[in-house]
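Notes to accompany the following structure.
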There are 4 protein chains.
Amino acid sequence: MRTPAARGKKREEEILDAAAAVFAERGYHGASTGDIAARLGIRQGSVYYYFRSKEQALERVCLAGVQGFVERIEAIAAADPPLSEGLREVVTGHVGAIVARRDSVIVFLRERRHVPRARRRRINTHARRYERALEIMLARAVTRGEARADVDCRMTALHLIGMCNAAAVWLGREPDAPLERIVATLLRLVLDGVAKPVKRKSP
Amino acid sequence: MRTPAARGKKREEEILDAAAAVFAERGYHGASTGDIAARLGIRQGSVYYYFRSKEQALERVCLAGVQGFVERIEAIAAADPPLSEGLREVVTGHVGAIVARRDSVIVFLRERRHVPRARRRRINTHARRYERALEIMLARAVTRGEARADVDCRMTALHLIGMCNAAAVWLGREPDAPLERIVATLLRLVLDGVAKPVKRKSP
Amino acid sequence: MRTPAARGKKREEEILDAAAAVFAERGYHGASTGDIAARLGIRQGSVYYYFRSKEQALERVCLAGVQGFVERIEAIAAADPPLSEGLREVVTGHVGAIVARRDSVIVFLRERRHVPRARRRRINTHARRYERALEIMLARAVTRGEARADVDCRMTALHLIGMCNAAAVWLGREPDAPLERIVATLLRLVLDGVAKPVKRKSP
Amino acid sequence: MRTPAARGKKREEEILDAAAAVFAERGYHGASTGDIAARLGIRQGSVYYYFRSKEQALERVCLAGVQGFVERIEAIAAADPPLSEGLREVVTGHVGAIVARRDSVIVFLRERRHVPRARRRRINTHARRYERALEIMLARAVTRGEARADVDCRMTALHLIGMCNAAAVWLGREPDAPLERIVATLLRLVLDGVAKPVKRKSP
DNA sequence: AATGAATGAGTATTCATTCAT
DNA sequence: GATGAATGAATACTCATTCAT
């Protein structure tokens, strides 16, 4: 038996999940509040019992989508592990989160621009802190001699994040792509590249 | 003096450019035919002189967005250059196209899912052929010994394309990111990775 | 300690006061049951504990608004005072009532037309009896020679009531208009007019 | 045969007339855009071809309602006629305007408070200038010795206007009240009052 | 005495689309 | 090549009302 409070919280999450699913599938403007209601088995107007406006629902879904990303990467950075291990954790966490709550993450990635300016800033802050943290991880690896000295940390961070996010798109469609394999391929690519190393310094 | 036909062609392109810009900025469902008209300085209903429906406009913009991608990569593949050179050409072409006609490419990337099923297939074919061509280029490089034997060609191709496309998003925002630098960084990352190579086979 | 019945009465009045205030401020259709609830610190649905429908609330507020008017003027008329005294009492009572329960009187004046036909008749009866009583007071004054013989009693009654009601509108806004001054000015106007009397019958 | 421009203007006026009628009958919030459309024989959404929002329609109707009042009274004041003549012109003009465009005047009187603050100020300015002009006319009459020295000009002006406006309410309902009679009664009331003058200063 | 969760009907507004001119 | 005037359908949002608890 649930307490009323617990039921309320639960229901609220259900509503946000439905909104996330619908926004992810049809896009913010392509989705109607009726679509959300239909997914919940309630009437159109009833969704307004849970959010003030469609826009607010979008904002909440976006926040649910970024939630945890910054915390995770900053925790990893704080532990200051060797580069390869650090990247493994970051990429595993990132792609793992996409797998775990794909809808809200996709909505964050693709639809956050429809959140009105003022409130969007808060959401974008997360994204920027994430990029920055990864950039710094790379810079530290360069300093320590784990990464090549000529790596452009900022741009590499952006490329890396771009790859992870792109995975969100084809994750479901590619049949033979389990999480581990995606992560492994991605890491190998980022760490060592695809080119066969030429033997160097051999007499 | 232009012939009416020539003038018509030009105007038609202007209309598609306007549609591309508006769809890129607000998304397909977030953009109205009135927005397109406003950008052209004509009235709402007048856009129907140029396209049968908003959906058709989207389709055309998407086709304009993919246009050339497949041709380019297949031409490169046909020339069968060494891996590093081939990738340079592919990435330069890809990112270059994004820079050159950003709006329509972005619309292709983000909005093509709103083209109705039947007509979407044709558009998606381009994407699939592109992926496939890159995959094969990589596979050939493996065979030839230019790339490591354990490279997952399919997934690496998808990651690479994902990175290029992600660049479309931050291209305008990042101040210090000229085309050459983006391409250079990306290529270096893909070919050699970020990790400092350990000396091998040295006695 | 109050009996439950007494507490109930009190609370019921509070609810009607809240409804009156909200209807007066925003108009019947511009006010929501939620506005009434907010003013009481309770939830939307809870107001239905006190009235069956918004319409019924309006009706009650209107009745509270007219309440006393007819009784007062008929009592004055029954006493049959001289014209100037009678008018003083009528006007003082009228404007005084507006000052004392402005909200419900304003709602009666402006919103009673939104009470459905059938139930509105009862409310309108009050208004008509009031007009009639004043008209008769004037007619008696004419008969008695207190008022000019050519006074149009019906219309003058309506004008007089119109003036009193109009005062309800600017009562709050005009800074230097205390009840006594309003009443005095109004009476002087109605009794003697503004024109300086020409000396008559002087040889 | 009308020019297209003329037809456009005409139609626009028809739409505003319809809005005025509907707002006057049911009140701003009680009237729906569908009601306006129905009165015009067009569909609900089509009214938005003529105004941006219901609120804007209200504003326009209010402006149409006050239009001319200030100009008229200021023209009269400029001519500086004797009091009784001046008042006759003012009252005739005022009540005449109410008779001529009753709907929009009533909407101005009763519904202008629903125009949002900022834009309401402009509308209220008209009302204030009107009051002020009448107040000054009375003050001049006092100075000239046409009106009693103890007349409270501000308040009398407000009472007078209140009476005229109140007439708008019962104009249609009272069967035996033609414009001339209303005006005559009102003027007599205001100038001379109802009380039979006592003979003064006669030896 | 009140609430939380809904409903269902309405309502302002937007918008793709049409078509006579 | 374009416009003005509409339409009709969708759609976000409001709100009076109900009712189990």
Side-chain angles (χ1 to χ4, degrees), chain A residues 4-5 7-8 11-12 15 28-37 40-57, chain B residues 4 7-8 11-12 15 28-37 40-58, chain C residues 4 7-8 11-12 15 28-37 40-58, chain D residues 4-5 7-8 11-12 15 28-37 40-57:
Chain A
R7 210 186 329 140
R11 192 74 174 131
E12 196 148 338
I15 271 75
Y28 174 66
H29 284 296
S32 77
T33 55
D35 295 334
I36 301 174
L40 290 162
I42 60 177
R43 309 287 159 179
Q44 199 215 139
S46 305
V47 300
Y48 282 83
Y49 192 77
Y50 293 98
F51 46 72
R52 232 183 289 290
S53 70
K54 199 185 158 192
E55 237 169 32
Q56 196 209 31
Chain B
R7 212 186 329 141
R11 190 75 175 132
E12 198 145 327
I15 270 73
Y28 174 67
H29 284 297
S32 75
T33 55
D35 294 334
I36 301 174
L40 291 162
I42 61 178
R43 310 284 159 185
Q44 201 196 156
S46 307
V47 299
Y48 281 81
Y49 193 80
Y50 295 99
F51 46 73
R52 230 183 292 289
S53 72
K54 198 185 162 192
E55 239 167 30
Q56 194 207 34
L58 174 63
Chain C
R7 213 187 327 143
R11 190 75 175 132
E12 197 145 328
I15 269 73
Y28 174 66
H29 283 297
S32 75
T33 55
D35 294 334
I36 301 174
L40 292 162
I42 61 178
R43 310 284 160 186
Q44 200 196 160
S46 307
V47 299
Y48 282 81
Y49 192 80
Y50 295 100
F51 46 72
R52 228 182 294 289
S53 72
K54 197 185 160 193
E55 240 167 29
Q56 195 209 33
L58 174 62
Chain D
R7 210 185 329 140
R11 191 73 175 131
E12 196 149 339
I15 270 76
Y28 174 66
H29 284 296
S32 77
T33 55
D35 295 334
I36 301 174
L40 291 161
I42 60 178
R43 308 289 159 180
Q44 200 213 136
S46 305
V47 300
Y48 282 81
Y49 192 77
Y50 294 96
F51 45 73
R52 231 183 291 289
S53 70
K54 199 184 158 192
E55 235 168 34
Q56 196 210 30

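Residue numbers begin at 1 in each chain, while the letters A, B, ... track the order of the sequences.
- Each of D/Ile42 and A/His29 was assigned the nucleotide of DNA chain F with the nearest heavy atom; the assignment lying further toward the 5' end belongs to D/Ile42.
- Comparing atom distances between the A/Ser32 side chain and each of E/dT18, E/dT13, F/dT11 picks out F/dT11 as nearest.
- In this structure, the CD1 atom of C/Ile36 is 10 Å from the P atom of F/dT17, given to the nearest Å.
- Rounded to whole angstrom, the span from the OH atom of D/Tyr49 across to the P atom of E/dT18 amounts to 17 Å.
- Rounded to the nearest 0.5 angstrom, D/Tyr28 OH and C/His29 NE2 are separated by 13.5 Å.
- Closest approach of C/Asp35 to C/Gly30, counting heavy atoms only: OD2-O, 4.1 Å.
- B/Leu40 has its CG atom 10 Å from the P atom of F/dT3, to the nearest Å.
- With values rounded to the nearest 0.5 angstrom, D/Ile36 atom CD1 is found 9.5 Å from D/Ile15 atom CD1.
- Of all nucleotides listed (F/dT3, E/dT7, F/dT14), E/dT7 comes nearest to the side chain of A/Arg43.
- Nearest-nucleotide mapping onto DNA chain F: of C/Lys54 and A/Ser53, the residue sitting toward the 5' end is A/Ser53.
- C/Ala31 comes within 4.0 angstrom of sugar-phosphate atoms only, judged by non-hydrogen atoms across all strands, and of no base.
- Taken to the nearest 0.5 Å, the CZ atom of A/Phe51 stands 7.0 Å off from the OG1 atom of A/Thr33.
- Separating the CD atom of D/Glu55 from the C1' atom of E/dT11 is a distance of 14 Å, rounded to the nearest angstrom.
- Nearest-nucleotide positions on DNA chain E for D/Tyr28 and B/Val47 put D/Tyr28 closer to the 5' end.
- A donor N or O paired with an acceptor N or O is found under 3.5 Å between the base of F/dC13 and the side-chain atoms of A/Gln44.
- Regarding C/Phe51, its CZ atom lies at a distance of 14 Å from the C1' atom of F/dT18, rounded to whole Å.
- Protein atom CZ of C/Arg52 is 10 Å distant from nucleotide atom P of F/dT18, rounded to whole Å.
- Comparing E/dA2, E/dT17, E/dT13 against the side chain of C/Tyr50 picks out E/dA2 as the nearest.
- Minimum heavy-atom separation, C/Tyr48 to C/Lys54: OH-N, 4.4 Å.
- Rounded to a whole Å, the CG atom of B/Asp35 is 11 Å from the C1' atom of E/dT14.
- The partner of E/dA1, taking Watson-Crick or G-U wobble pairs whose two distances both stay under 3.5 Å, does not exist in any strand shown.
- For D/Tyr48, the side-chain atoms get nearest to E/dT14 when compared with the rest of E/dT14, E/dA2, F/dT3.
- When both pairing distances are held under 3.5 Å, E/dA20 makes a Watson-Crick or G-U pair with F/dT3.
- Side chain of C/Thr33, nearest nucleotide from E/dT13, E/dA16, F/dA16: F/dA16.
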